[in-house]
Amino acid sequence: MQPFSVRRLDDDTAFITGASAGIGRATAMKLAALGARVVLGARRVDRLNEVKTGIEAAIPGALVAAIAVDVTDGAGLASWLHAGERALGPCSILVDNAGLALGRAHVADTSTADLDTVLSVNVRAAFELVRLVLPGMKARGRGDVVFLASVAGSEPYAGGAVYCASKAALQAFARSLRAELLGSDIRVLTLDPGLVETEFALVRFGGDVAAAKKPYEGLTPLTADDVADCAAFALSRPRHVSLDRMLILAQAQLGTQLFARKT
Ligand code: NAP
């Protein structure tokens, strides 16, 4: 007797953005382990190829495509999707994961360039991707859309206005989409992680290693695998079960404001 059921994903092709690192990379590995064919997307193609090789080594017979994409490029997104579909079949799972925060500046000091980048990667790309994959999912009558939002979307903090607003937008977008798709067999899932130790902080602080370590000091953060486990669990539920929204926090954090740090 298994402690809980696992529905395999042998009939699925999962498209994962931001698969060159962190949560996206971990999710690609877990979904491949469940039998899904996986199409990896991100800008660093060398890293994508490493992820592909790692999955193929860990899971004999896994079918993986590594295709470079910059999610801020609308035409590039369409090409990525078409190339992935030609290689491994129609998209039945979309994991909209690529995302970033830039700095901790307060609103008055936030540059327009940073505003545009964060909104374009975290929000605009999600809209574009969903618009691209939805017609196929509707025609085939089945699909899953997973958004990597954040606890920051519902608990905004000082010095994170653009990032928090982008994740709130994603949460609202997911709710609207879920309402539009009610009664269909297309599920919409939002994952709201808390502190996850990935390259996220390094990107946020422009490569400053000391600053990037600070958020995790004195506590045990989540790992990318912890979050990927939740995605894999949700996607492997029977199709009548929709894990609408999952808040995944480190045990030592309460939302975005309170942390129990050991000094
Ligand atoms: P990460 O390790 O920095 O990975 C981010 C991924 O996004 C990378 O693969 C990066 O690939 C990709 N990416 C960034 N800009 C891109 C672009 N323009 N085009 C294509 N790909 C792009 O961060 P992570 O922690 O795994 O973050 C994944 C998601 O989880 C994000 O949406 C993030 O907001 C969310 N999240 C993270 C945390 C956390 O504490 N880490 C908490 C809550 C939510 P390339 O650089 O190769 O393009």
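None of the values given here were measured: they were computed from a predicted structure. All ligand and atom numbering here is 1-based and tracks the order in the structure.
Residue contact check: Asp70 has heavy atoms under 4.0 Å from atoms 17 (C), 18 (N), 19 (N) of ligand 1. Taking a cut-off of under 4.0 Å to the non-hydrogen atoms of Ala21, the atoms of ligand 1 that pass are 2 (O), 4 (O), 9 (O).
Protein heavy atom at the shortest distance from atom 10 (C) of ligand 1 is Ser20 OG, 3.9 Å. Among all non-hydrogen protein atoms, the one lying nearest atom 15 (N) of ligand 1 is Arg43 NH2, 3.3 Å. The protein heavy atom nearest to atom 5 (C) of ligand 1 is Gly99 O, 3.9 Å. Nearest protein heavy-atom contact of atom 42 (C) of ligand 1 is Gly194 O, 3.0 Å. For atom 26 (O) of ligand 1, the closest non-hydrogen atom on the protein side is Ile23 N, 2.8 Å. The shortest contact between atom 25 (O) of ligand 1 and any protein heavy atom is with Thr198 OG1, 2.6 Å. When hydrogens are left out, the protein atom nearest atom 33 (C) of ligand 1 is Tyr163 OH, 3.7 Å; that is the closest non-hydrogen contact. If you check which protein heavy atom lies closest to atom 12 (C) of ligand 1, you get Gly18 CA, 3.6 Å.
Of the listed residues (Asp73, Asn97, Val71), the one carrying the non-hydrogen atom nearest atom 28 (C) of ligand 1 is Asn97. Comparing heavy-atom distances from atom 35 (C) of ligand 1 across Pro193, Ser150, Ala149 singles out Ala149 as nearest. When the heavy atoms of Ile248, Val69, Val196 are ranked by distance to atom 39 (C) of ligand 1, first place goes to Val196. Among Ala101, Ala98, Gly22, the residue whose heavy atom lies closest to atom 22 (C) of ligand 1 is Ala98.
The shortest separation from a heavy atom of Thr17 to ligand 1 is not under 4.0 Å, leaving the residue out of contact. Not a single heavy atom of Gly41 sits closer than 4.0 Å to an atom of ligand 1. Residue Pro215 places every heavy atom at 4.0 Å or more from ligand 1. Proximity of Lys167 to ligand 1 is established by a heavy-atom distance of less than 4.0 Å.
Note that Arg204 lies in the cation-pi zone of Tyr163, set by a 6.0 Å cut-off to the ring centre and a 45° limit from the axis. Remark: Arg261 qualifies as a cation-pi partner of Phe259 under the 6.0 Å distance and 45° angle criteria applied to the six-membered ring. The cationic group of Arg175 does not satisfy the cation-pi geometry with Phe173, failing either the under 6.0 Å distance to the six-membered ring centre or the 45° limit from the ring axis.
Arg37 has no carboxylate O lying under 4.0 Å from a charged side-chain N of Asp12, or vice versa, which leaves the two without a salt bridge. Between Lys138 and Glu180 no salt bridge is recorded (no basic side-chain N to carboxylate O distance below 4.0 Å). Residues Arg187 and Asp144 are paired through a salt bridge, judged by an N-O separation under 4.0 Å between the basic side chain and the carboxylate. Using a 4.0 Å cut-off between a side-chain N of Lys or Arg and a carboxylate O of Asp or Glu, Arg44 and Asp46 do not qualify as a salt bridge. Between Arg25 and Asp225 there is no salt bridge, since none of the side-chain N atoms of the basic residue sits less than 4.0 Å from a carboxylate O of the acidic one.
Residues Val145 and Met137 are in side-chain contact: their nearest non-hydrogen atoms beyond the backbone lie under 4.5 Å apart. Using a 4.5 Å heavy-atom cutoff, the side chains of Glu85 and Trp80 are not in contact.
The shortest N or O to N or O distance between Ala42 and ligand 1 is not under 3.5 Å. Here's the thing with Arg44: one of its N/O atoms is less than 3.5 angstrom from an N/O atom of ligand 1.
Not a single donor-acceptor pair under 3.5 Å links the side chain of Glu155 to the backbone N or O of Ala152.
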Run the side-chain hydrogen bond (donor to acceptor under 3.5 Å, both in side chains) check on Thr117 and Asp114 step by step: do they pass?
CA-CA 5 Å; Thr117 301; Asp114 283 0; 5.3 Å; no
